Trainee: 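Dropping the structure in here first, questions after.
Keep in mind it's a predicted model, so treat the numbers as computed, not measured.
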Number of protein chains: 2
Amino acid sequence: MLDSTFPEVRSLDLFADMSDESYAKLMRGAYLQTFPPHVDLITEGEEADFLHVLVLGSVDLFSSWNNRETSVSIVKPVSTFILAATIRDARYLMSARTMEKSRIVMIPSQDVRAVFDLDAGFARAVVVELASCYRSVIKTTKNLKLRTALERLANYLLSRSKGLNGAQNFSLDLEKRQLASVLGMTPENLSRAFKALQAYGVTVSGENVELSDITELEKFAKPTTLIDDNQT
Amino acid sequence: MLDSTFPEVRSLDLFADMSDESYAKLMRGAYLQTFPPHVDLITEGEEADFLHVLVLGSVDLFSSWNNRETSVSIVKPVSTFILAATIRDARYLMSARTMEKSRIVMIPSQDVRAVFDLDAGFARAVVVELASCYRSVIKTTKNLKLRTALERLANYLLSRSKGLNGAQNFSLDLEKRQLASVLGMTPENLSRAFKALQAYGVTVSGENVELSDITELEKFAKPTTLIDDNQT
DNA sequence: ATAGACGCTTGATAAATATCAAGTGACTGG
DNA sequence: CCAGTCACTTGATATTTATCAAGCGTCTAT
């Protein structure tokens, strides 16, 4: 189905260390598809028939309960999602929808599990990816339980700035209501939180954020690599 | 260091499917140690030199920030903790302390990584374990973001009851302040939450809980396997 | 151009949760 | 057996967060 030399996928960390043969096996039943914005890809509770790899665009992983909905995380290229459900042959715990036009590779879960048993390089990569995802969610939990909404926002802004080489001016890469959902607050509350952070040199106009006094903001936000660093 | 036939460890899911040779290699540098209650085992931020396997007792995985502290999860035998940090050769994201007298196997992280590369059965088990941990934290996140403290408590009680074959009477297996921390609330708030659940047939006296009307409690709590089931 | 949609903001209020301060009761060590 | 400790509870209050209802501004489609 998918040209086995397809470079964007082959060079993914997850697939880079495997044999050509294993890669071919994995891709034999795979689809590469482009989706328009705001399309539902996955509904939580369904069986995990495919591992998804986001090649282009962005995807919102969200979850609903009792008429409430929250965004658990935003996936950016190039990375996989729903890897754990695929491995465990279990149901999806989150729903997924495209946020913009997105290109996605879908690999049948049974092939992922089969190749995992055959190819040690792939197995190793899967473990590293999973461990990384796990640590990332633990950080999210700590963020939610240890900090107020205002502190979460402040640290989010600092983390964005740091990811952009300490830029003092940058654009929010999410709609504000999306950001509010990711941070675990209402859009109204986010709006007020931005105002409250003016006291620490934060100004927002539309998408554009300016951090005029990062030192002061850090004094308030108290960032730590054990919560805010996306790498380690 | 550790008798390689040590049965409590060898029969763990994580080690059951590996060759005797690999197991011996893994255990060569391992320690089996018994700790008294309330002993610090790990401090977050340190390097993950050992994979820990809890054989007996119970361990609190907690985290601190800015003078606040929260319990991320309680580990019961037999299971591992800090697997992800070991795999990634990274720093611990959580601290750990014994809650009661506990027996723990400590395996050097480098041996875990080495054997992972050599033994496919072990690799497979590591992935399954990690995927399971990942899904468990995702559920925690959903629980925190989608529910109020009262709803979390109600679902916790239902989940405990379900785990005991639907028992209507059971004992809390945690101190209340521990439970409060796990559920993301203060002890005072927990105390009031128990009172509020009286309206749904919940009575508590000391450690003992009675759920006199599980149907009514479920109508309030709205449990779902996608958050409350520990297995899937 | 302009009407409408839509995302965001603002204000007023309510609900949820935390904090602080006392009090209660049970267990424990001398 | 008693005093002290400690976990838990209760009450009063403050803070945080959500909800509801308008209003504002921008973008877009006709």
Trainee: Which nucleotide wins on minimum distance to the side chain of B:Arg177, given the candidates C:dT9, D:dC8, D:dA18?
Mentor: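 Out of C:dT9, D:dC8, D:dA18, the nucleotide with an atom closest to B:Arg177's side chain is D:dC8.
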
Trainee: Check the distance between C:dT19's P and B:Glu69's CD and give it to me in whole angstrom.
Mentor: 14 Å

Trainee: Which of these, A:Asp89, A:Leu14, A:Thr86, sits in a side chain to side chain contact (heavy atoms under 4.5 Å, CB included) with A:Val112?
Mentor: A:Thr86

Trainee: For A:Phe81, what residues pass the ring-ring contact (aromatic ring centres under 6.0 Å, His included) criterion, not counting sequence neighbours?
Mentor: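 Only A:His52 meet the ring-ring contact (aromatic ring centres under 6.0 Å, His included) criterion with A:Phe81.
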
Trainee: Give the nucleotide from the list D:dC8, C:dT10, D:dT10 with an atom nearest to the side chain of A:Lys195.
Mentor: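 The answer is C:dT10.
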
Trainee: Could you give the NE2-to-P distance, from B:His38 to D:dC6, as a whole number of Å?
Mentor: 11 Å

Trainee: Taking the six-membered ring for Trp and the single ring otherwise, decide whether the centroids of B:Tyr134 and A:Tyr134 are under 6.0 Å apart.
Mentor: no

Trainee: Nearest-Å distance, CZ (B:Arg147) to P (C:dT17)?
Mentor: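 Rounding to the nearest Å, CZ of B:Arg147 and P of C:dT17 are 13 Å apart.
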
Trainee: Would the base of C:dC20 count as contacting B:Glu188 through its side chain, where contact means a donor and an acceptor less than 3.5 Å apart?
Mentor: yes

Trainee: Without decimals, in angstroms, what is the distance between B:Lys176 NZ and D:dT9 C1'?
Mentor: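 Nearest whole value for this atom pair: 9 Å.
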
Trainee: Would you kindly give the CD-to-C1' distance between B:Gln198 and D:dT9, to the nearest whole Å?
Mentor: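 Checked: the CD to C1' distance equals 13 Å.
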
Trainee: Take atom CG of B:Leu144 and atom P of C:dT17, then tell me their distance rounded to the nearest Å.
Mentor: 11 Å

Trainee: So which atom in B:Arg147 and which in A:Arg68 form the shortest heavy-atom distance, rounded to 0.1 Å?
Mentor: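 Result for this residue pair: CA-NH1, 3.8 Å.
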
Trainee: Rounded off to whole Å, could you give me the CD-to-P distance for the A:Gln178 and C:dC6 pair?
Mentor: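 Rounding to the nearest Å, CD of A:Gln178 and P of C:dC6 are 16 Å apart.
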
Trainee: Looking only at side-chain atoms of B:Thr148, point me to the closest of C:dA16, D:dA18, C:dC8.
Mentor: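 Closest nucleotide to the B:Thr148 side chain: C:dA16.
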
Trainee: Side-chain donor or acceptor of B:Arg152 under 3.5 Å from a matching atom on the base of C:dT17?
Mentor: no

Trainee: Any idea which of D:dA18, D:dT17, C:dA18 is nearest the B:Met185 side chain?
Mentor: C:dA18

Trainee: Separation of A:Glu175 atom CD from C:dT9 atom P, in whole Å?
Mentor: 12 Å

Trainee: Is there a side-chain contact between A:Thr186 and the phosphate of D:dT17, meaning an N or O under 4.0 Å from OP1 or OP2?
Mentor: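 False: A:Thr186 side-chain N/O out of range (4.0 Å or more) of D:dT17 OP1/OP2.
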
Trainee: Would you indicate which nucleotide in D:dA12, C:dT9, C:dA12 comes nearest to any side-chain atom of A:Arg192?
Mentor: C:dA12

Trainee: If you check every side-chain atom of A:Ser191, which of D:dC8, D:dT16, C:dT9 has the closest atom?
Mentor: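 Among the listed nucleotides, the one closest to the side chain of A:Ser191 is C:dT9.
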
Trainee: Are more than 12 heavy atoms from other residues, nucleotides or ligands located less than 6.0 Å from atom CG of A:Asn208?
Mentor: yes

